Trainee: 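This is the structure I have questions about; it appears just below.
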Amino acid sequence: MKNLTNQIALITGANVGIGQVTAMTLAQRGARVFLAGRSQARTQAVVDAIIAATGRADAAHWLPLDLADLHSVRACAQTFLGMNLPLHLLINNAGLAGAKGVTAQGFEMAFGVNHLGHFELTQRLLDRIKASGPARIVTVASRAHRMAVNGIDWAALRKPTQSWTGVNEYAVSKLANILFSAELSRQLVGTEVSTYALHPGVVDTEVWRELPSFLRPLLRLRGLLTPEQGAQTSLYCATEAPAQESGLYYANRKVQTPTALAQDPALAKRLWEFSLSVTANEKAAL
Ligand SMILES: NC(=O)c1ccc[n+]([C@@H]2O[C@H](COP(=O)([O-])OP(=O)(O)OC[C@H]3O[C@@H](n4cnc5c(N)ncnc54)[C@H](OP(=O)(O)O)[C@@H]3O)[C@@H](O)[C@H]2O)c1
């Protein structure tokens, strides 16, 4: 992987799992990493481990971020922008599966955290990212988007999670991740910013903790990757994937074809406009 000295990265959900390995690896290659997450207590050990592993006191920092609350998302972006640093890599990694309910502003939980919080964070940081080009925005999606066979039920996005397992909603949120990354790349034509969405593999992390217990052994049947293995495609997209492959979907460090719905530019545009309008409405109230 290329040397990342003087590069600055912001990674969501980097206290555990795929995000933790991603943050550590980028820092070991020279980047300064900001780990954005809900709990300093749960992140500090990772920050300390990165500083110890790199021998650089400024190699890692925690940034408060709760993606289930747009106030918190906005505050996180403001804190970062207030440091007057460039941003070369934004890695929208955090995610949950099987959690139910609504976010602070009343959006379905998986959609609100996995897509809408990241949409707002990206929007708030976008001018800084553009000014820092060449830069990349990597969004960790999932092969689970294939289960969103009926597309997006727009009314359901404003209601508590309906399905018993939360898997349907997770699938829609991951479809939204891919559509978002593709539409973002179209909006960034002519800039030095490229975007990537990816499936990390089926990885042995805590993401499955909220699923009904009978479903968890099914995941193990096909064999789980370690978090180190699961971070490889994120790292590839963050550092090596060609800039001209912007907007595409990756797995196993290669471009893959997502479902037809995930490639539908009209659906991506509609999602973009929906996300922009609901976050703008919320902004008025913030
Ligand atoms: N593991 C897999 O097999 C798999 C497969 C396909 C896609 N993915 C995707 O990979 C990404 C990383 O997941 P992982 O497998 O590494 O899972 P993980 O170990 O559970 O990590 C998820 C991270 O997201 C954070 N997070 C959850 N809700 C949040 C919120 N409201 N605000 C801020 N951060 C929040 C968690 O923080 P807390 O510690 O505070 O909860 C944690 O740091 C996710 O987007 C997931 O959908 C994973």
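Ligands are counted one by one from 1 in listed order, and the atoms in each one are counted from 1 as well. Values in this document were obtained by computation on a predicted structure and should not be read as measured data. One-based numbering along the sequence shown.
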Trainee: Could you list which atoms of ligand 1 come closer than 4.0 Å to a heavy atom of Asn93?
Mentor: 11 (C), 12 (C), 44 (C), 45 (O)
Trainee: Between Ser173 and Asn114, do the side chains contain an N or O donor and an N or O acceptor separated by less than 3.5 Å?
Mentor: yes
Trainee: Considering only protein heavy atoms, which is closest to atom 48 (C) of ligand 1, and at what distance to one decimal place?
Mentor: Pro200 CG, 3.9 Å
Trainee: Just need the protein heavy atom nearest to atom 46 (C) of ligand 1, so name the residue and atom and give the distance.
Mentor: Tyr170 OH, 3.6 Å
Trainee: Under a 4.0 Å heavy-atom limit, does Arg143 contact ligand 1 with its side chain, its backbone, both, or neither?
Mentor: neither
Trainee: Please write down residue, atom name and distance for the protein heavy atom closest to atom 3 (O) of ligand 1.
Mentor: Val203 N, 2.6 Å
Trainee: Judging by distance only, is a nitrogen or oxygen of Arg38 under 3.5 angstrom from one on ligand 1?
Mentor: yes
Trainee: May I ask whether Thr12 places a heavy atom under 4.0 Å from ligand 1?
Mentor: no
Trainee: Of all heavy-atom pairs between Gln28 and Ala53, which one has the smallest distance, and what is that distance?
Mentor: NE2-CB, 4.0 Å
Trainee: So which protein heavy atom does atom 20 (O) of ligand 1 come closest to, and at what separation?
Mentor: Val207 N, 3.0 Å
Trainee: Determine the interplanar angle of the Phe274 and Phe111 rings, folded into 0 to 90°, and report it as parallel if under 30°, tilted if 30 to 60°, perpendicular if over 60°.
Mentor: perpendicular
Trainee: Output yes when the distance from some N or O of ligand 1 to some N or O of Val202 is under 3.5 Å, and no in every other case.
Mentor: no
Trainee: Atom CG of residue position Asn6 - does it have more than 12 heavy atoms of other residues, nucleotides or ligands inside 6.0 Å?
Mentor: no
Trainee: Within the 4.0 Å heavy-atom shell around Ala94, which atoms of ligand 1 are there?
Mentor: 24 (O), 25 (C), 26 (N), 34 (N), 35 (C), 45 (O)
Trainee: State whether the shortest distance between N or O atoms of Gly19 and N or O atoms of ligand 1 falls below 3.5 angstrom.
Mentor: no
Trainee: Would the Tyr249 and His145 ring centres measure less than 6.0 Å apart?
Mentor: yes
Trainee: Measure from atom 24 (O) of ligand 1 to every heavy atom in Gly95, Ala36, Ala68 and give the option owning the shortest one.
Mentor: Gly95
Trainee: Around atom 32 (N) of ligand 1, find the nearest protein heavy atom and jot down its residue, atom name and distance.
Mentor: Leu67 N, 2.9 Å
Trainee: Look at atom 31 (N) of ligand 1 and find which of Ile11, Ile18, Asp66, Leu35 reaches it with the closest heavy atom.
Mentor: Asp66
Trainee: Has Ser39 got any heavy atom lying under 4.0 angstrom from an atom of ligand 1?
Mentor: no
Trainee: Tell me whether Gly37 has any N or O atom under 3.5 angstrom from an N or O of ligand 1.
Mentor: no
Trainee: Taking only heavy atoms of Ser142, which atoms of ligand 1 are found under 4.0 Å from at least one of them?
Mentor: 6 (C), 7 (C)
Trainee: Going by the order shown, which atoms of ligand 1 are within less than 4.0 Å of some heavy atom of Gly17?
Mentor: 16 (O), 19 (O)
Trainee: Atom 21 (O) of ligand 1: which protein heavy atom is closest, and how many Å away?
Mentor: Val16 CG2, 3.6 Å
Trainee: Between Arg128 (side chain only) and Leu81 (backbone N and O only), is there a donor and an acceptor less than 3.5 Å apart?
Mentor: yes
Trainee: Do the non-hydrogen side-chain atoms of Tyr236 and Leu198 ever get within less than 4.5 Å of each other?
Mentor: no
Trainee: Are Phe119 and Trp272, when compared by the centres of their aromatic rings, separated by less than 6.0 Å?
Mentor: yes
Trainee: Evaluate whether atom CG of Asp153 has more than 12 neighbouring non-hydrogen atoms of other residues, nucleotides or ligands under 6.0 angstrom away.
Mentor: yes
Trainee: Relative to the heavy atoms of Leu65, which atoms of ligand 1 are at a distance of less than 4.0 Å?
Mentor: 32 (N), 33 (C)
Trainee: Going by heavy-atom distance to atom 5 (C) of ligand 1, choose the closest among Ala141, Ser234, Gly201, Ser173.
Mentor: Gly201
Trainee: Please state which option from Thr205, Leu225, Thr22, Asn15 has its nearest heavy atom closest to atom 39 (O) of ligand 1.
Mentor: Asn15
Trainee: Step by step, would you call Ser275 with His115 a side chain to side chain donor-acceptor pair (under 3.5 Å)?
Mentor: CA-CA 9 Å; Ser275 306; His115 167 68; 2.8 Å; yes
Trainee: Hydrogens and angles aside, do Thr122 and Asn92 bring a side-chain donor and acceptor to less than 3.5 Å of each other?
Mentor: yes
Trainee: Report the member of Leu96, Asn177, Val140 with the shortest heavy-atom distance to atom 9 (C) of ligand 1.
Mentor: Val140
Trainee: Below the 3.5 angstrom mark, is there an N/O of Gly13, backbone or side chain, next to an N/O of ligand 1?
Mentor: yes
Trainee: Using modelled atom types only, decide if a donor and an acceptor are shared between the side chain of Glu206 and the backbone of Gly17 within a distance under 3.5 Å.
Mentor: no
Trainee: Can you tell me if Tyr250 and Glu245 form a side-chain donor-acceptor pair at under 3.5 Å?
Mentor: yes
Trainee: Please evaluate residues Arg186 and Glu183 with respect to the criterion salt bridge (Lys or Arg N to Asp or Glu O under 4.0 Å), reporting the C-alpha separation (whole Å), side-chain torsions for both, the decisive distance (0.1 Å), and the verdict.
Mentor: CA-CA 5 Å; Arg186 287 188 277 274; Glu183 179 60 26; 3.2 Å; yes
Trainee: Look at ligand 1 and say whether Gln20 reaches it with a heavy atom at a distance under 4.0 Å.
Mentor: no
Trainee: Please determine, by modelled atom types, if Glu108 and Thr161 share a side-chain donor-acceptor pair under 3.5 angstrom.
Mentor: yes
